[in-house]
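Below is one structure, written out as structure tokens, with a few remarks after it.
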Amino acid sequence: GIQVEQSPPDLILQEGANSTLRCNFSDSVNNLQWFHQNPWGQLINLFYIPSGTKQNGRLSATTVATERYSLLYISSSQTTDSGVYFCAVRKSGTASKLTFGTGTRLQVTL
Amino acid sequence: NAGVTQTPKFQVLKTGQSMTLQCAQDMNHEYMSWYRQDPGMGLRLIHYSVGAGITDQGEVPNGYNVSRSTTEDFPLRLLSAAPSQTSVYFCASSYSRVSTGELFFGEGSRLTVL
């Protein structure tokens, strides 16, 4: 099956700092999503981004499908950004399922 | 519009007991799925459905049964619970059966099997 690798596995930031999270995948995809799992366990949709660039407030994401990676940018981080960020992809031409990476755990401190 | 609703949120079972995790969505989504989340392993797909009457296995289907009699509901059944099934379970749905589309998750159900 398709492999999804996220880096870094853990990240500690001071409030106000910027960060970049990376998702590499091993095959062509037609679906890529970024999720944030907050400390209460809820999975929140951030971006549906199989290609191109999107922005939503302090967050933005870029997927370069031809080079098999996606980046999630967090600017001016806040303590509420803490949690785990997951990338999930669907391999082109396969049955309908998303494969998740193991996530990047982010802690934003004061 | 409640989105994806899972019940119960917490459950404790003894080994060998059976139970059903309920999942309902009110978005008329064709695609529904169940994932389990274990520490350090991300989310793994258990079963999925691309429409009423159609189900298929994911990565870790053993020990679980599903059915899809209506578009709205997709229950997950544990016939004989085992401690290895202690996990957090998430139901998710999306509009498109073909490309999964944007996937929306319920709030999760934490299951402990003693």
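Per chain, numbering begins at 1; letters A, B, ... match sequence-line order.
Across all their heavy atoms, A:Gln42 and B:Glu107 have their closest contact at NE2-OE2, 3.1 Å. Taking both residues in full, the closest heavy atoms of B:Ala52 and B:Thr70 are given as CB-C, 4.1 Å, listed atom of the first, atom of the second, then distance.
Using bins of under 30°, 30° to 60° and over 60° for the plane-to-plane angle, the ring pair A:Phe86/A:Phe100 lands in the perpendicular bin.
B:Phe105 has its ring centre less than 6.0 Å from the ring centre of A:Phe35.
The candidate from A:Thr99, A:Thr102, A:Leu43 with the greatest count of non-hydrogen atom pairs under 4.5 Å with chain B is A:Leu43.
For A:Gln37, the part sitting under 4.5 Å from any heavy atom of chain B is the side chain, from C-beta outward, and nothing else. Heavy atoms of B:Phe104 lying under 4.5 Å from chain A belong to its backbone as well as its side chain.
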